[in-house]
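Shown next, in structure tokens, is the structure this report addresses.
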Amino acid sequence: MAIKGNSGELKSRSSASIFIVIGLCCFFYILGAWQRSGFGKGDKIASAITKQTDCSVISNLNYETHHGDDVVTADGSDKAAKEFPSCHAKYVDYTPCQDQIRAMRFPRDNMIYRERHCPPEDEKLQCLIPAPKGYATPFPWPQSRDYVPFANAPYKSLTVEKAVQNWIQYEGNVFRFPGGGTQFPQGADTYINQLASAIPIDNGMVRTALDTGCGVASLGAYLFKKNVITMSFAPRDSHEAQVQFALERGVPAVIGVLGSIKMPFATRAFDMAHCSRCLIPWGENDGLYMMEVDRVLRPGGYWVLSGPPINWRTYFGAWKRPKEDLEEEQRKIEEIARLLCWEKLDELGDIAVWKKRTNYDLCRQQDIKPNLCEPSYPDDVWYKKMEACVTPYPKSTKSYEEWKPFPDRLNAIPPRISSGSVPGVSVDMYQEDIQIWEKHVKSYKSINNLIDSGRFRNIMDMNAGLGSFAAALDSPKLWVMNVMPTIAEKDTLGVISDRGLIGIYHDWCEAFSTYPRTYDLIHANGIFSLYKDKCKAEDILLEMDRILRPEGSVIIRDNVNVLVKVKKIVGGMRWDARMVDHEDGPLVSEKVLFAVKKYWVVGDIITAHNKKKKVKN
């Protein structure tokens with residue numbers, strides 16, 4: 001009987017304990033929710049502690065989320081991360097979609113062979129692109145504008161070929177960039193001042209520029225003085241590494257060419273487009289290339305053409321070309337400009353400046369009207385052929401007639417949102433997005449204090465949304481390449497352009513149009529969730545590693561389950577990574593992964609080729 005009595009008493013106490021535990025759990029859950037709501041003192045206390053705590057460097061993080069190391073396979077077993085070997089030294093400057101050998105398989109007509117031609121799945125490299133021996137951290141801006149370590153891009157051909165034009169000079173262990181160009185051997189400053197006599201460069205009305213056939217991007221480098229940000233592009237051709245030099249200098253640039261495919265930019269993206277002896281046949285193909293420039297120029301934007309054939313009567317002798325050829329070339333260009341309804345503002349020596357009309361009213365009065373493109377979506381440009389037609393003006397051009405200068409337009413309501421032309425994006429959503437990313441960026445800076453120090457010059461946002469990450473970072477010390485994934489649910493690249501930021505379309509299942517080691521910081525918001533069923537996460541991460549500098553940083557924001565898998569992959573890529581909780585606390589399923597790529601160069605780790613030989617032996 002005593003035994004039965006004790007058993008009942010134990011059962012009674014056990015039941016009571018369970019109810020007490022459940023009650024306490026419910027109480028603390030409600031208390032936590034109340035504190036997180038902002039009405040309790042808990043959030044104020046946490047805020048005060050945060051302000052008093054130095055969380056300035058990644059290596060000192062001591063508040064990593066509990067999800068950081070619990071990577072297990074489906075059967076519950078722990079498995080080591082796959083180690084990625086180094087690629088062979090011959091791949092040190094490998095550009096997968098602009099590979100010189102693969103390019104030779106394609107037609108040379110209309111520069112098709114210089115366009116993007118990516119490797120098939122079975123030819124993708126599954127290894128880490130090494131840095132060259134002696135690779136050095138680039139100089140901080142603005143010193144980087146003028147000097148690049150020789151080891152980072154050891155190519156001297158331009159120092160000989162362009163010696164008299166002041167493009168680039170080799171001095172000891174560095175390249176020096178005097179600021180000259182084919183069309184401005186006296187320096188970019190003098191040239192830009194000439195342009196400013198016809199174009200409002202100084203007052204913020206011209207903020208974004210496109211430089212076609214940019215060389216080493218000295219125009220873009222010196223336009224930063226005017227607070228103008230330039231998207232420069234040039235092909236990977238006999239002028240070895242010109243885009244690589246541009247990015248080493250801290251100037252935005254991509255590998256690209258005006259060939260047969262539309263440029264990967266939004267319609268009405270730029271305030272100014274520029275060509276200085278860029279060797280593009282503007283008058284050929286029924287005006288195809290000028291029509292493409294018209295597409296990416298905003299209403300009221302400017303087109304600058306300098307060099308042949310402008311003012312050929314004066315310069316034909318120096319250009320060593322027949323007068324008849326130059327006269328016919330300029331005649332065709334002038335004719336297409338009139339067809340496009342551009343206004344010719346001025347000829348400054350061998351520089352001509354046209355302006356695109358702010359609206360189409362005057363153009364309707366023309367005797368000869370251009371063929372208008374079909375009323376399809378004008379920003380559907382990825383791998384789409386250029387057409388000999390003119391992109392229509394937007395239904396309302398009032399916003400462009402009352403165009404805001406920069407920086408006023410950075411956080412003003414963009415015309416595409418105020419006009420309701422971006423489905424699913426309202427004014428309220430846009431303003432809320434600004435606040436959210438200001439909060440995120442503030443948190444990033446508290447964890448990595450190098451973000452705003454000048455250490456990170458070239459920054460990429462792989463999934464830029466409305467551009468609010470870049471807007472929150474806005475500083476003369478840095479620039480952001482805003483990337484709009486071609487599979488994004490909402491195409492908002494035009495909004496980014498309206499804000500006075502630069503951006504580009506891209507599919508992250510393929511390699512980006514840049515050289516290795518060209519970005520200091522890469523930000524990836526939700527990119528792995530977006531591409532979950534499209535391509536392998538490790539392929540995206542290998543591409544991130546290719547374009548990231550040694551000792552560069554990565555910030556990946558995504559769902560915790562996704563980040564756990566990502567962290568495991570980067571464990572085999574010579575990255576140091578830490579996962580931390582969302583700014584709003586551990587109960588939020590979205591987490592943030594901070595990573596730093598280790599410094600290593602050719603020969604420091606085993607190559608894929610040697611690894612195969614070792615396995616066979």
Side-chain angles (χ1 to χ4, degrees), residues 138-148 166-168 175-181 183-184 186-196 199-234 242-254 265 269-276 301-302 304 306 405-410 451-461 467 470-482 496-497 499-504 514 518-521:
F139 295 101
W141 183 266
Q143 291 96 323
S144 66
R145 184 194 67 193
D146 303 327
Y147 296 98
V148 166
N166 273 334
W167 275 34
I168 178 174
F175 287 113
R176 187 170 74 86
F177 297 83
Q183 199 58 31
F184 40 93
Q186 302 306 313
D189 278 335
T190 301
Y191 180 78
I192 290 168
N193 287 335
Q194 280 184 284
L195 298 183
I199 300 172
I201 293 176
D202 292 306
N203 64 4
M205 294 303 289
V206 171
R207 161 63 179 175
T208 54
L210 177 68
D211 191 12
T212 55
C214 64
V216 293
S218 286
L219 178 74
Y222 281 83
L223 276 173
F224 272 116
K225 287 185 176 181
K226 305 287 189 180
N227 205 17
V228 174
I229 185 167
T230 307
M231 177 76 82
S232 300
F233 76 83
Q242 52 188 336
V243 167
Q244 189 175 22
F245 280 130
L247 287 154
E248 286 291 329
R249 298 175 72 186
V251 182
V254 292
F265 310 122
F270 298 100
D271 300 320
M272 180 176 79
H274 172 268
C275 161
S276 170
Y302 302 86
V304 178
S306 65
F406 192 87
D408 295 354
R409 72 175 93 155
L410 182 62
I451 290 175
D452 202 25
S453 69
R455 170 65 178 79
F456 300 141
R457 170 69 180 170
N458 303 359
I459 297 177
M460 174 180 282
D461 191 359
L473 278 176
D474 184 53
S475 165
K477 299 175 185 176
L478 55 85
W479 57 268
V480 179
M481 181 68 76
N482 293 282
I496 292 169
S497 302
R499 300 181 73 175
L501 304 169
I502 56 169
I504 188 169
T514 191
T518 45
Y519 286 88
D520 304 299
L521 171 65

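Heavy-atom basis, side chains included; hydrogens, waters and symmetry copies ignored. Throughout, residue positions are numbered sequentially from 1 according to the sequence presented. All values derive from a computational prediction rather than experimental measurement.
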| said: So Met272 and Val304, do their side chains get closer than 4.5 Å, heavy atoms only? | reply: yes
| query | With side chains defined as the heavy atoms from C-beta onward, is the minimum distance between Thr518 and Met460 less than 4.5 Å? | reply | no
| Over all atoms of both residues, closest heavy-atom pair of Ala470 and Leu501 | CB-CD1, 4.1 Å
| said: For Leu521, run the side-chain contact (heavy atoms from CB on, under 4.5 Å) check against Leu478, Ile459, Asn458, Val480 and tell me which one passes. | reply: Ile459
| task | Say whether, by atom type as modelled, one donor and one acceptor occur between the side chain of Thr212 and the main chain of His274 under 3.5 angstrom. | result | yes
| request: Examine distances only and state if a side-chain atom of Asp520 and a backbone atom of Arg457 form a donor-acceptor pair shorter than 3.5 Å. | output: yes
| Do the ring planes of Phe233 and Phe265 sit parallel (below 30°), tilted (30 to 60°) or perpendicular (above 60°)? | tilted
| Under the 3.5 angstrom rule, does the side chain of Ser475 hit a backbone N or O of Lys477 as a donor-acceptor pair? | yes
| field | Where Ala246 and Ala217 come nearest, the two heavy atoms and their spacing | value | CB-CB, 3.5 Å
| request: Would you sort out whether Ile201 and Leu195 count as a side-chain contact (heavy atoms from CB on, under 4.5 Å), showing the intermediate values? | output: CA-CA 8 Å; Ile201 293 176; Leu195 298 183; 3.9 Å; yes
| query | Centre of Tyr222's six-membered ring, under 6.0 Å away, within 45 degrees of the axis: is that where NZ or CZ of Arg145 sits? | reply | yes
| Test log, rule side-chain contact (heavy atoms from CB on, under 4.5 Å), inputs Thr230 and Ile502 | CA-CA 8 Å; Thr230 307; Ile502 56 169; over 6 Å; no
| Point-to-point distance, once rounded to the nearest 0.5 Å, from CE of Met481 to CE of Met231 | 4.0 Å
| said: I'd like to know if the side chain of Ser144 reaches the main chain of Arg249, judged simply by a donor and an acceptor atom lying under 3.5 Å from each other, with no hydrogens or angles considered. | reply: yes
| task | Flag the pair Asp202 and Lys226 as a salt bridge only when some basic side-chain nitrogen lies within less than 4.0 angstrom of an acidic carboxylate oxygen. | result | yes
| Using the benzene-type ring in the case of Trp, are the ring centres of Trp167 and Phe245 under 6.0 Å apart? | no
| message | For a quick check under 3.5 Å, do Tyr191 and Ser306 share a side-chain donor-acceptor pair by atom type? | response | yes
| message | The test is side-chain contact (heavy atoms from CB on, under 4.5 Å); show your working for Leu223 and Leu219 and say whether it passes. | response | CA-CA 6 Å; Leu223 276 173; Leu219 178 74; 3.8 Å; yes
| task | Determine whether Ser276 and Phe184 make a side-chain contact, defined as any pair of heavy atoms from C-beta on separated by less than 4.5 Å. | result | yes
| said: Between Phe456 and Tyr519, is the side-chain contact (heavy atoms from CB on, under 4.5 Å) condition met? List the steps. | reply: CA-CA 8 Å; Phe456 300 141; Tyr519 286 88; over 6 Å; no
| Taking everything shown except Gln143 itself, do over 12 heavy atoms lie less than 6.0 Å from its CD? | yes
| request: Say whether, by atom type as modelled, one donor and one acceptor occur between the side chain of Arg409 and the main chain of Gly204 under 3.5 angstrom. | output: yes
| query | Counting N and O atoms only, with roles assigned by atom type, does the side chain of Asn482 sit under 3.5 Å from a partner on the main chain of Gly467, one being a donor and the other an acceptor? | reply | no
| task | Indicate yes or no for a side-chain donor-acceptor contact from Thr208 to the backbone of Asp271 under 3.5 Å, with no hydrogens or angles considered. | result | yes
| note | Nearest heavy-atom approach of Phe406 to Gly500 is CE1-O, 3.9 Å
| query | Once you round to the nearest 0.5 Å, how far does CD1 of Ile504 lie from CD1 of Ile496? | reply | 12.0 Å
| field | Heavy-atom check, side chain of Trp479 versus side chain of Asp474, under 4.5 Å | value | no
| task | Rounded to the nearest 0.5 Å, what's the gap from CZ on Phe270 to CG on Asp211? Could you check? | result | 10.5 Å
